[in-house]
Structure formats: C-alpha cells, structure tokens
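Numbers restart at 1 for each chain; the letters A, B, ... are given by sequence-line order, proteins then strands.
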Amino acid sequence: TEDFVGHQVLRVSAANEAQVQMVKELEDLEHLQLDFWRDPSRPGTPIDVRVPFSSLQAVKIFLESHGISYTIMIEDVQSLLDKEKRQMSSFQARAQ
Amino acid sequence: STDTFNYATYHTLEEIYNFMDLLVAENPQLASKIQIGNSYEGRPIYILKFSTGGDNRPAIWIDTGIHSREWVTQASGVWFAKKITQDYGQDPTLTAILDSMDIFLEIVTNPDGFAFTHSSNRMWRKTRSKTAGSICVGVDPNRNWDAGFGKPGASSNPCSDTYRGKFANSEVEVRSIVDFVKTHGNIKAFISIHSYSQLLLYPYGYTSQPAPDEEELDQLSKSAVTALASLYGTKFKYGSIIKAIYQASGSTVDWTYSQGIKYSFTFELRDTGRYGFLLPASQIIPTAQETWLALLTIMEHTLNHPY
C-alpha cells in the first residue's frame with residue numbers, strides 16, 4: 001500500500017498571472033512528483049497540491065523565493081488516511 | 001437490509017455492489033440492475049435503473065465516482081439510490097419525475113480505480129488500463145470523451161493525472177456509457193458528479209464559445225445551487241467549465257451535450273479547503289442531502305421543459 005507519511009497538501013494563492021505560470025512550471029517538474037488536487041487556473045483561484053515529503057523543501061523554497069503565498073491545508077496526509085481507515089474498520093467490526 | 005446499511009461510512013466496491021443487490025431485491029417494482037460492460041480488469045460495470053414502467057421513457061442519468069479517489073461521490077451515490085426508493089410515492093416532485101421518466105444511476109463509474117484506492121493507493125484517480133510503451137498506468141476518464149478530444153486541456157503524457165488516452169473512448173468505462181447513451185437514445189439530462197471545490201458546471205470545457213443553451217443552463221444552475229445552499233448554507237459557484245475552472249478537453253458533459261442532451265451538468269461536491277479528497281465520513285450524509293436538492297431541481301426542470 002502506498003505510503004503518504006509526511007506528504008502535505010499546500011493551498012497556494014497565486015496573486016497574478018505570472019505567479020500562476022510559475023506554479024504551472026512546477027507542475028511540469030516530474031521529479032517532484034506533485035499531485036495537483038486543484039490545478040492552477042487564474043489569479044485568486046486556490047491551487048491545492050499534494051507534495052511528497054521528499055519534495056517539500058524544494059517546493060516551499062520555490063514558492064517563498066517567488067513571493068507566492070501558501071498555507072498548509074493538510075499537515076500529514078497519512079494521518080488523515082489512518083483515521084479514515086480506522087473509522088471504516090471500526091464500522092466493519094461493529095457490523096460483524 | 002438497506003435500512004440498516006450505514007450511509008455515514010465509506011464502503012468497498014464489494015459492499016457497494018452488495019448494497020445494490022439488496023436495494024433491487026427490496027424494491028423490485030422500482031429498481032433494477034443493468035450491467036453495461038466490464039472494466040479493463042474485468043469487473044462488472046453496473047447501473048441502477050429506477051422506473052415505474054413504460055418502454056424507453058425519457059430518462060435522467062446520474063453518475064458518481066468516475067475519479068476513483070473522490071470517495072464522497074460514490075458514497076453520495078449510494079445515499080441517492082436509497083433516497084429514490086424511500087421518496088417515490090412520498091415526495092411529490094420525485095414521484096412526478098418517476099411517473100414520467102426513468103432515472104439511471106451509476107454509483108461506481110470507475111470500479112478498477114475505486115478498488116485500487118482501497119487496496120493500494122488511496123490517491124488514485126484514473127482508470128487502470130495499460131498504455132503500450134509506457135510504464136505508467138491509467139487514463140483520466142474525464143478527458144477521454146469524443147468532444148474536443150486532444151485539444152488543450154488534457155495531457156498526452158501517460159504519466160499525467162489528466163492523460164487523455166490514445167484515442168477517444170479508449171477506456172471501456174467511458175465506452176460503456178457512450179454505447180448505453182447512444183442505444184437508449186432518449187436521455188434528457190446527464191449529471192456527472194465529482195468532488196471537490198463546490199461547483200456546478202455546464203458545457204463547454206474545451207472551448208470558450210458559449211453553449212447554445214447557456215442562458216437556460218446558467219439560470220437552472222443558479223436555481224440548483226440556491227436549493228443546495230438552503231440546507232446547510234454550502235456555497236457553490238456555477239458557470240461553464242472553461243470559465244469557472246479551466247480549459248478541459250474530452251470531458252463527459254461536453255460529449256453528452258454534443259449528443260443533444262441539453263441538461264448536461266457536472267458537479268464538484270464539498271469541500272473548499274480543509275480535507276479535499278479526504279472528506280471525513282461524517283460529512284457524507286450532509287453532502288448527499290444538499291446535493292440531492294440540487295439534483296431534484298435539475299430533474300424537475302427537465303420534467304417540466306420537455307424538448
């Protein structure tokens with residue numbers, strides 16, 4: 001099973017078209033293995049991206065160095081998945 | 001029994017398929033199950049048909065879960081199915097709809113992807129078909145339709161999450177619906193349900209040209225999102241795909257609209273920035289409840305505006 005420990009989902013706010021383009025450039029960098037939950041479209045529309053732990057530093061430095069603001073939407077994807085799994089398992093156990 | 005089924009938790013493919021069998025067994029006069037194909041990995045693709053009789057009545061299509069990781073959509077589809085059987089004969093709007101029209105509901109549109117999200121990768125979005133010459137698997141089934149296929153707004157890279165596939169309808173999960181819709185020939189509304197970001201969208205996605213029925217679709221969208229918001233205050237934006245989000249080619253409702261299905265819509269359900277695809281199970285029922293109000297609005301409009 002794929003492990004998402006340390007993966008974060010960032011909510012990126014591109015303030016202008018140039019910043020949207022910069023985030024689109026990030027999308028093309030396959031080695032970062034970014035997973036865009038909400039694709040870059042236009043200024044003011046949130047961009048959500050899941051970033052593997054191994055790429056977090058590079059992505060955050062990229063965003064900060066270009067003055068692109070972001071917040072952490074999900075601190076650790078795996079912990080949410082664990083919660084989800086526990087909820088399903090406990091329901092299944094009760095059902096049985 | 002579907003009365004004791006837990007609608008407030010996520011379920012596996014097997015559990016959902018068992019639920020469908022139970023629902024049909026409990027409501028033989030109203031519900032039936034049709035297999036419209038087999039997935040790439042050989043799983044059956046089922047739709048539920050809700051009908052009160054008559055041959056080839058005008059129909060409404062609803063599908064959920066074409067993107068497998070959008071779990072709240074399959075869960076909402078289960079809830080809708082139960083809601084239809086509960087409300088027929090009780091709710092005057094739904095009763096009027098079903099007295100004249102059929103409803104088709106495909107709860108798990110991408111069964112291979114959905115099974116894969118449960119077994120191996122919760123974040124899987126695409127189908128599971130293999131692409132010759134690539135190590136990457138799967139096609140985005142919402143870029144694989146024969147409407148602006150191959151234009152900007154989809155990827156030609158098999159490793160991309162928006163990979164469009166080698167040709168339109170290459171995915172059996174898409175082709176099964178295409179064949180069904182064409183064979184049926186009398187579908188009047190087609191609603192494809194995704195998550196997340198709280199949007200109600202209509203054609204087009206591949207071109208910025210307005211759809212010929214844009215004014216009516218826009219008005220209807222406004223009514224639908226107003227109805228949706230009346231329950232919990234959840235705010236939805238609406239508009240054409242290309243204007244409300246971004247250019248997307250080969251999308252489902254662009255194709256259905258091109259087939260003459262005027263009331264072609266796609267939803268993006270909750271949420272707006274806390275959980276994304278990992279919406280807690282406690283939000284399944286509220287999400288389904290509010291979405292149902294919007295669906296009823298669209299279905300009632302379809303009933304009252306024959307074309």
Residue part contacting chain B, namely of A:Glu30, when any heavy atom lies under 4.5 Å: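 It is the side chain, since no backbone atom gets that close.
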Leading residue by heavy atom contact count with chain B [cutoff under 4.5 Å; candidates A:Asp3, A:Asp48, A:Asp39]: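 Winner by heavy-atom pair count: A:Asp39.
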Worked check of side chain to side chain contact (heavy atoms under 4.5 Å, CB included) between B:Thr12 and A:Gln92: CA-CA 11 Å; B:Thr12 61; A:Gln92 279 157 351; 4.3 Å; yes
Contact listing (chain A partner; residues 118-135 of chain B; heavy atom under 4.5 Å):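 Answer by number: B:His118, B:Ser119, B:Ser120, B:Asn121, B:Arg122, B:Met123.
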CD/A:Gln21: more than 12 non-hydrogen atoms of other groups inside 6.0 Å: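 Counting neighbours around CD of A:Gln21, more than 12 heavy atoms of other residues, nucleotides or ligands fall under 6.0 Å, so yes.
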Atom NZ of A:Lys24: over 12 foreign heavy atoms under 6.0 Å: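 It does: A:Lys24 NZ has more than 12 such atoms within range.
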Side-chain touch B:Tyr246/A:Thr45, heavy atoms, less than 4.5 angstrom: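 With C-beta onward as the side chain, the pair stays apart.
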Contact check, side chains of B:Arg69 and A:Asp35, non-hydrogen atoms, under 4.5 Å: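 When only atoms from C-beta onward are counted, A:Asp35 and B:Arg69 do touch, with a gap below 4.5 Å.
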Region of B:Ala248 that comes under 4.5 Å of a non-hydrogen atom in chain A: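 It is neither, since no heavy atom gets under 4.5 Å.
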Heavy-atom proximity to chain A below 4.5 Å, by part of B:Gln247: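 For B:Gln247, no heavy atom lies under 4.5 Å from chain A.
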Over all atoms of both residues, closest heavy-atom pair of B:Tyr10 and A:Glu84: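 In terms of heavy atoms, the two residues are closest at CE1-OE2, 4.1 Å.
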Contacts with chain B made by residues 68-80 of chain A (heavy-atom distance under 4.5 Å), listed by residue number: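 Listed by number, the contacting residues are A:Met73, A:Ile74, A:Val77, A:Leu80.
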Pairs involving residues 72-96 of chain A, ordered by first then second residue, that meet ring-ring contact (aromatic ring centres under 6.0 Å, His included) (sequence neighbours left out):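 The answer is A:Phe91-B:His11.
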ring-ring contact (aromatic ring centres under 6.0 Å, His included) partners of residues 14-42 of chain A, not counting sequence neighbours, each pair once: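 Sorted pair list: A:Trp37-B:Phe277.
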Side-chain donor or acceptor of A:Arg42 paired with backbone N/O of B:Lys243 under 3.5 Å: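 At least one qualifying donor-acceptor pair exists.
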Gap separating the [atom1] atom of [X] from the [atom2] atom of [Y], nearest 0.5 angstrom:
{"X": "B:Thr9", "Y": "A:Gln87", "atom1": "OG1", "atom2": "CD", "result": "3.5 Å"}
{"X": "B:Asp161", "Y": "A:Leu34", "atom1": "CG", "atom2": "CG", "result": "11.5 Å"}
{"X": "B:Thr162", "Y": "A:Glu27", "atom1": "OG1", "atom2": "CD", "result": "7.5 Å"}

